[in-house]
Amino acid sequence: MAVLTLFSPSTNPSLLTSSPSSLSISYYFNHNDCTESDWYCLRKNNSKWAPFSTSSLVSKQRTRARTKSKLCLMQSQMMPESSNSSGSGCSWMKDNSSVQDEIAGHGMREGPLHSVFPTKAAEVSSVKDLFEFICAGPLMDKVGLTPDKVAESIDKWVICGSQLCRLFKLNELYLTEPQKVRIYHYYIPVFLWCEEEISHHNSKFKDEDDIPPLVIGFSAPQGCGKTTLVFALDFLFRINGRNTATISIDDFYLTAEGQAKLRESNPGNALLEFRGNAGSHDLSLSIETLTAVSKLTKEGKKMKLPRYDKSAYSGRGDRADPSTWPEVEGPLTAVLFEGWMLGFKPVPSEVVKSVDPQLEIVNKNLEAYFDAWDKFIKSWIVIKIQDPSCVYQWRLQAEIAMRADGKPGMSDEEVLDFVSRYLPAYKAYLPTLYAEGPNGSDPEHLLVVEIDEGRNPILAN
């Protein structure tokens, strides 16, 4: 069977030119409460996928008949021009300098991205195999996909997959099972869902209107892979000609002086001793920033996005110097806003007391967060975990990987202390988040992705 040789991505300069809103890999790992090792410390996990399913065997046969001609055409188009030792005669597969230039142009480090995923090879040997693998994904129904829709857009799947392989420095001819799952069952389906949300958002405005960017919220626990997901989505938006900005709740932490005052006013409360929980954010800065970025509807309109320096004051952190803040320019299509506690709702006092009495003041602080964060978000993606204790394991894996790589990392005891400051909030607020959705969310514009311990999507119970 012929190997799958993917299309060369578009070289249209408009799709590959640096955007002021583009964020580098170093931003994601220096400005989120995760480490760079979260990027390449994903566990080996031979995830299984759901069987290919349609309403009946007859339906399945009809679907295949409808798509056969297109898939066969694509297969013939994607055959290698000539055989060689690399398994492909396509010159761009032997020289990925264009994407290297693209990454360099956005300040992205070229570190060991290939080790994001395990290295045991698995096969996607034809377009037909890829089509069936995509259709077996657990998010198909959630994101409104059908086999017919996949077949109609299979070329887009192939190109997006190719671009992501190049971004992560993966050999697309020898993807491992987790690599295939992460790209074709997770990143691309979520990207396509976001595009549908943007189209719906834009349809509410007239042609002559200034269309504000759609703010998409990502609520996901630390270490679950949201940083990498948002990075991949931002990249896919950019190469598809969409101008986006990315913001983290971490960007809105109090200054070092503000944190000191918070700590002094709550003596003995370990949950407010360091940044993280509700009360440790500058909500006025949040409102100012999210209001301003929502007005970037025209070319020439610019603003700077706040950033936070976690290395300041021996790791206690401080707001970065405004001169270092990145500038974004309109018109923006979307704002990707991510954070571990986005969408959390205050719960009855007896609930927080039963979890941890120290959480009472945090719960009270949370009352102000809807107006500062959640009301700006019109579409939501919630990454659901099965057990909050996974956060500790993921963080521990990340720090172990950092230490093994010769980089400074927390000890096992320090990891336990760090995560323990967040676990009470997870225990108190995740049940409501999962049962009712984020604060103020519309169920019609909410995507819940349940993941396993390997950070891959699974079929929800």
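The residues of the chain are indexed from 1 along the displayed sequence. From a predicted model like this one, the values you see are computed outputs, not experimental measurements.
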Say whether, by atom type as modelled, one donor and one acceptor occur between the side chain of [X] and the main chain of [Y] under 3.5 angstrom.
{"X": "Thr324", "Y": "Ala320", "result": "no"}
{"X": "Thr289", "Y": "Ser286", "result": "no"}
{"X": "Asp209", "Y": "Lys206", "result": "yes"}
{"X": "Asn277", "Y": "Val362", "result": "no"}
{"X": "Asn266", "Y": "Leu262", "result": "yes"}
{"X": "Asn365", "Y": "Ile361", "result": "yes"}
{"X": "Asp374", "Y": "Gly343", "result": "yes"}
{"X": "Asp452", "Y": "Arg455", "result": "yes"}
{"X": "Gln358", "Y": "Ala270", "result": "yes"}
{"X": "Asn243", "Y": "Glu329", "result": "yes"}

Taking atom types as modelled and ignoring hydrogens, do the side chains of [X] and [Y] form a donor-acceptor contact shorter than 3.5 angstrom?
{"X": "Gln179", "Y": "Tyr184", "answer": "no"}
{"X": "Asp148", "Y": "Thr146", "answer": "no"}
{"X": "Ser153", "Y": "Asp155", "answer": "no"}
{"X": "Asp234", "Y": "Thr244", "answer": "yes"}
{"X": "Asn363", "Y": "Tyr429", "answer": "yes"}

Inset, instruction - Could you go through the salt bridge (Lys or Arg N to Asp or Glu O under 4.0 Å) check for Glu360 and Lys364 one step at a time? - result: CA-CA 6 Å; Glu360 281 192 89; Lys364 181 67 176 177; over 6 Å; no
Compare all side-chain heavy atoms of [X] with those of [Y] and state whether any distance is below 4.5 angstrom.
{"X": "Pro147", "Y": "Phe131", "result": "yes"}
{"X": "Leu342", "Y": "Phe337", "result": "yes"}
{"X": "Leu167", "Y": "Phe231", "result": "yes"}
{"X": "Pro322", "Y": "Lys304", "result": "no"}
{"X": "Leu433", "Y": "Phe344", "result": "yes"}
{"X": "Val352", "Y": "Val347", "result": "yes"}
{"X": "Trp373", "Y": "His281", "result": "yes"}
{"X": "Phe376", "Y": "Val335", "result": "no"}

How long is the straight-line distance from [atom2] of [Y] back to [atom1] of [X], given to the nearest 0.5 Å?
{"X": "Ser280", "Y": "Phe274", "atom1": "OG", "atom2": "CZ", "result": "12.0 Å"}
{"X": "Leu175", "Y": "Leu164", "atom1": "CG", "atom2": "CG", "result": "10.5 Å"}
{"X": "Asn171", "Y": "Arg166", "atom1": "CG", "atom2": "CZ", "result": "12.5 Å"}
{"X": "Lys301", "Y": "Leu332", "atom1": "NZ", "atom2": "CG", "result": "11.0 Å"}
{"X": "Leu254", "Y": "Leu285", "atom1": "CG", "atom2": "CG", "result": "9.5 Å"}
{"X": "Glu273", "Y": "Arg263", "atom1": "CD", "atom2": "CZ", "result": "7.0 Å"}

Inset, instruction - Please check if the distance between the ring centroids of His445 and His200 is under 6.0 Å. - result: yes
Inset, instruction - State yes or no: are the ring centers of Phe237 and Phe191 separated by less than 6.0 Å? - result: yes
If every non-hydrogen atom of [X] is compared with every non-hydrogen atom of [Y], which pair is closest and at what distance?
{"X": "Ala232", "Y": "Tyr187", "result": "CB-CD1, 4.1 Å"}
{"X": "Ser294", "Y": "Pro213", "result": "O-CD, 3.4 Å"}
{"X": "Trp325", "Y": "Pro306", "result": "CD2-CA, 3.4 Å"}

Inset, instruction - Please test Met303 against Val328 for side-chain contact (heavy atoms from CB on, under 4.5 Å), starting from the C-alpha separation and ending with a verdict. - result: CA-CA 6 Å; Met303 69 171 290; Val328 293; 3.7 Å; yes
Legend entry - Qualifying residue, where the test is salt bridge (charged side-chain N to carboxylate O under 4.0 Å, His left out) with Asp251 and the options are Arg319, Lys310, Arg307: Arg307
Inset, instruction - Decide side chain to side chain donor-acceptor pair (under 3.5 Å) for Ser284 and Asp282; before the verdict, give the C-alpha distance in whole Å, the side-chain angles of both, and the deciding distance to 0.1 Å. - result: CA-CA 6 Å; Ser284 61; Asp282 186 337; 2.7 Å; yes
Legend entry - Electrostatic pair Arg242:Glu195 at N-O distance under 4.0 angstrom: yes
Legend entry - Pair Arg395 + Glu399, salt bridge at N-O below 4.0 Å: yes
Legend entry - Evaluation steps, salt bridge (Lys or Arg N to Asp or Glu O under 4.0 Å), between Lys345 and Glu436: CA-CA 10 Å; Lys345 304 175 184 178; Glu436 301 177 5; 3.0 Å; yes
Count the heavy atoms belonging to other residues, nucleotides or ligands that lie under 6.0 Å from [atom1] of [X], then report whether that count exceeds 12.
{"X": "Lys298", "atom1": "NZ", "value": "no"}
{"X": "Glu350", "atom1": "CD", "value": "yes"}
{"X": "Asp141", "atom1": "CG", "value": "no"}
{"X": "Tyr434", "atom1": "OH", "value": "yes"}
{"X": "Lys295", "atom1": "NZ", "value": "no"}

Legend entry - Aromatic Phe133 / basic Lys180 pairing, under 6.0 angstrom, 45° off normal: yes
Legend entry - Check against side-chain contact (heavy atoms from CB on, under 4.5 Å), Ser248 and Tyr308: CA-CA 10 Å; Ser248 167; Tyr308 193 82; over 6 Å; no
Legend entry - Check against side chain to side chain donor-acceptor pair (under 3.5 Å), Gln397 and Tyr392: CA-CA 9 Å; Gln397 293 165 13; Tyr392 169 72; over 6 Å; no
Inset, instruction - Start with the C-alpha gap between Trp380 and Phe218, add the side-chain angles, then the distance that decides, and say whether ring pair (Phe, Tyr, Trp, His ring centres under 6.0 Å) holds. - result: CA-CA 6 Å; Trp380 285 89; Phe218 295 77; 9.4 Å; no
Inset, instruction - Just do the side-chain contact (heavy atoms from CB on, under 4.5 Å) check on Lys427 and Asp356 with the steps written out, would you? - result: CA-CA 10 Å; Lys427 292 178 180 178; Asp356 188 335; over 6 Å; no
Legend entry - side chain to side chain contact (heavy atoms under 4.5 Å, CB included) partner of Ile183, the single match among Ser162, Cys165, Cys160, Pro178: Cys165
Inset, instruction - Apply side-chain contact (heavy atoms from CB on, under 4.5 Å) to the pair Tyr369 and Leu366, showing each step before the final yes or no. - result: CA-CA 5 Å; Tyr369 277 65; Leu366 193 57; 4.1 Å; yes
